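Before any comments, here is the structure.
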There are 4 protein chains.
Amino acid sequence: MAKIAVTDAEKDVKTSRIKQIALSLFAERGYHQTTMSDIATAAGVGRGTLYWYFPSKEKLFIAALWHEIDQMIAGSKALAAQDISPLDKLSLVMEELPRSLAKHGNLIRSLCQMWGEESEEMQQQIQIAWERLNRQDHSLLADIIREGVAQNIFRPVDPDKAAATLIAFTDGLCYHWLFGFSQLESGGVEVARDIILQGLLYRDKPADDK
Amino acid sequence: MAKIAVTDAEKDVKTSRIKQIALSLFAERGYHQTTMSDIATAAGVGRGTLYWYFPSKEKLFIAALWHEIDQMIAGSKALAAQDISPLDKLSLVMEELPRSLAKHGNLIRSLCQMWGEESEEMQQQIQIAWERLNRQDHSLLADIIREGVAQNIFRPVDPDKAAATLIAFTDGLCYHWLFGFSQLESGGVEVARDIILQGLLYRDKPADDK
Amino acid sequence: MAKIAVTDAEKDVKTSRIKQIALSLFAERGYHQTTMSDIATAAGVGRGTLYWYFPSKEKLFIAALWHEIDQMIAGSKALAAQDISPLDKLSLVMEELPRSLAKHGNLIRSLCQMWGEESEEMQQQIQIAWERLNRQDHSLLADIIREGVAQNIFRPVDPDKAAATLIAFTDGLCYHWLFGFSQLESGGVEVARDIILQGLLYRDKPADDK
Amino acid sequence: MAKIAVTDAEKDVKTSRIKQIALSLFAERGYHQTTMSDIATAAGVGRGTLYWYFPSKEKLFIAALWHEIDQMIAGSKALAAQDISPLDKLSLVMEELPRSLAKHGNLIRSLCQMWGEESEEMQQQIQIAWERLNRQDHSLLADIIREGVAQNIFRPVDPDKAAATLIAFTDGLCYHWLFGFSQLESGGVEVARDIILQGLLYRDKPADDK
DNA sequence: CATGAATGAGTTTTCATTCAT
DNA sequence: AATGAATGAAAACTCATTCAT
């Protein structure tokens, strides 16, 4: 029993390692430019070993995808659990969301490259995984805004639509950063967040008077 | 000479047609899933003919890329030439920018897929083309904001940083739409724009009193 | 137009050549032990050229299969068209049938090896092709026997069952020869044929009194 | 010692089981489509265990081959030992021979598929095994015919050649049945046997007067 | 004895590119 | 100019076999 537990744990460690290495290669050189040989070499195993753990290159990618998506969703849920005021929470979230995307930039980059290429199943998995993450972030933001509106801190905007706005914005930031054509240096994010918050807050309840 | 002129014109028409067809195929099925055979067939020419006009698949893509980027830059410049108030112009631009991205969605999708894949030269060309478009859009927005700030219509934000914010936002909108995971239906864009504009305007000069 | 005719003819020649070479290799070393590289080399073409003419290894085999089956069926039909007495015809056919099988031994050997292996489609094609050939040989023999019975030369056996008997016999001869464990040297065939014919003929109308 | 005996017996049981399972898989899906993993799973043992009992896939096949060939030879010898008249014996043998082939159809099918494929050693083993079986069947039949000729029951044919004829015939029947393209339903075998026997018997000693 | 994780040689197939016509 | 037949490099994947436990 103890033997099995150890074996399973070892297997988990190994597959996780492979998934991470694969994802970083995929992100770095692109899915097609990354061969299974590359991954095997980088992971320090034989080519066949990859196929022992994952039935195909595609499945390996999908496994790596969910591995990271799950982490990101967990991070988002941790934010939601914080017990602070809507304004503080919104400020925190808008700082953390791009940071999370940046942290998992390898995945995001890969996903973008993958969009439209590859098999039906790949498409579906990416779609599902990404929607799940998006839904989580969306509800996180919408809840904050809904509460802020209820407390008369925010203007009476539609929480869902406002949340979508904020997500588009943070995602836009992230993409620019990811693809290296961002003119948003440090300091820029603050300006951006300021503009957005100003647009949400009641005029007679300025954000900076708290 | 007349002969040559006609020939050149014909050549232009043909190459443009090929570029457009190629781009739509690239966008639809992805760069790798699109073969030179596919393009030749779709364009109604022989495989070899493609190589008469373009030295390689890569160069064909780059040519198609610039073909569209130039169109997008021209569209942005046309917007800049409009002689209307900063507020109206900003409103107009924030409507047109996503629309332009959507119109050239084929290209955007391809670019995302390409990011990180392919050769050094490809990377550079994409980088340069995209930066040029971004620079244009950026200066378009920055100029508007600078003028709005000068006219005391907008809060005294840094025009460059605010412009970058707006671009990130419109790009974010566009990506969400492109990748099909947007929860922003019609009506959502207005809310978003409203939030952003509210964040830029002076509190005592509300956007809706125009 | 003449150009096209020539081209088509050349294509036919080329594909036929490839089919024959492939079949001989398949028969010699077996389907699996024969690589597309082997075939390409033997045919003096590049590996890719094979795929220009045939979509896959499997399809190449199937094409070669039908190529030869058609020839065998044509040979059988030519025998049927001969206008000689039932006894002479039967004697001739029982000489020619094993000869034809022997001539196309490459195919037969390959078919036996393939039986039970390979994909669904392969199985079906082999089944259909072989049945078609068998049906032809069967009707050839049944017609002869039917006529012989009508002319009171043969005992009143069931023509279909007797034909099946003869086919089983000639095929058995052929398999033994093909697989190299035949103890039927020259002279043996005559004894065999004699036994069979004696079994068919009326006792009071001996075969050798004609 | 007792311990060893038991162990040996157990080992025999186990290897026999593996050989039988392997052979049925080989026959069902073909040698190449059957992996060592398949066999291990079907036998309920680990992949490595197979290699404890058999040094290679090839040797496993050869072992299974001899396992069955020995059984078939034993069956043939049992027939030879029967003390009945040549005519009855011949009739019995011609019934039993195809029955034996059918019973061991798995092996026959596999052998056909193997013919021409695989290594030198494989070829030799198959050749030797098959020849040994054939020699046994041949001598069985030749002895019967020789005796029948001596007793003036059969026409004075060459016993060896006649035996070869009969074997070719029964093998032909069997192949047709094995490969599923037989038009010989029940009832057909009797006609066939009748024809053959008629061909062997003296005209003035009809087969049906016994 | 038994196991199953690990390996890598070897195969089919795709497709950008060339070049004779 | 235009074509399409020919090419071969490159990559995913399979599976018999080994060996540490």
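The sequence lines fix the lettering, A, B, ..., with proteins before strands; numbering per chain opens at 1. Predicted model only: the values in this text are computed from it and were never measured. Computed over heavy atoms, backbone and side chain alike; hydrogens, waters and symmetry mates excluded.
- Across residues 16-44 of chain A, not one residue has a non-hydrogen atom less than 4.0 Å from an atom of DNA chain E.
- Listed by first and then second residue, the salt bridge (charged side-chain N to carboxylate O under 4.0 Å, His left out) pairs that reach into residues 22-44 of chain B are B:Arg29-B:Asp38, sequence neighbours excluded.
- D:Ile39 places a side-chain heavy atom less than 4.5 Å from the side chain of D:Leu60.
- E:dC1 and F:dT21: their C1' atoms are spaced 12 Å apart (whole Å).
- Inter-residue side-chain proximity for A:Ile69 and A:Trp130 is flagged as met; some heavy-atom pair is nearer than 4.5 Å.
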Canonical and wobble pairing (Watson-Crick, G-U, under 3.5 Å) of DNA chain E, dot-bracket with |: .||||||||||||||||||||

Just list the side-chain donor-acceptor pairs under 3.5 Å for residues 61-68 of chain B, sequence neighbours left out, or say none.
residue : atom : partner  : partner atom : Å
B:Trp66 : NE1  : B:Gln125 : OE1          : 2.8
B:Glu68 : OE1  : B:His104 : ND1          : 2.9

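- The phosphate of E:dC1 has neither OP1 nor OP2 within less than 4.0 Å of any side-chain N or O from D:Lys14.
- For residues 14-26 of chain A, no pair satisfies salt bridge (charged side-chain N to carboxylate O under 4.0 Å, His left out), with sequence neighbours left out.
- No side-chain heavy atom of B:Gln113 sits less than 4.5 Å from a side-chain heavy atom of B:Phe26.
- Taking all atoms of both residues into account, the shortest heavy-atom contact from B:Ser24 to B:Ile21 is OG-O, 2.8 Å.
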Could you list the donor-acceptor pairs under 3.5 angstrom formed by side chains in residues 41-48 of chain A, with sequence neighbours left out?
residue : atom : partner : partner atom : Å
A:Thr41 : OG1  : A:Ser37 : O            : 2.8
A:Arg47 : NH1  : A:Ser37 : OG           : 3.4

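- Checked by atom type and distance alone, the side chain of C:Ser16 never pairs as donor or acceptor with a backbone atom of C:Val13 at under 3.5 Å.
- In this structure, the side-chain contact (heavy atoms from CB on, under 4.5 Å) partners of D:Glu58, at least two apart in sequence or on a different chain, are D:Tyr31, D:Ser56, D:Ser119, D:Glu121, D:Met122.
- Listed by residue number, D:Arg47, D:Tyr51, D:Ser56, D:Lys57 are the residues of residues 47-65 of chain D with a heavy-atom contact under 4.0 Å to DNA chain F.
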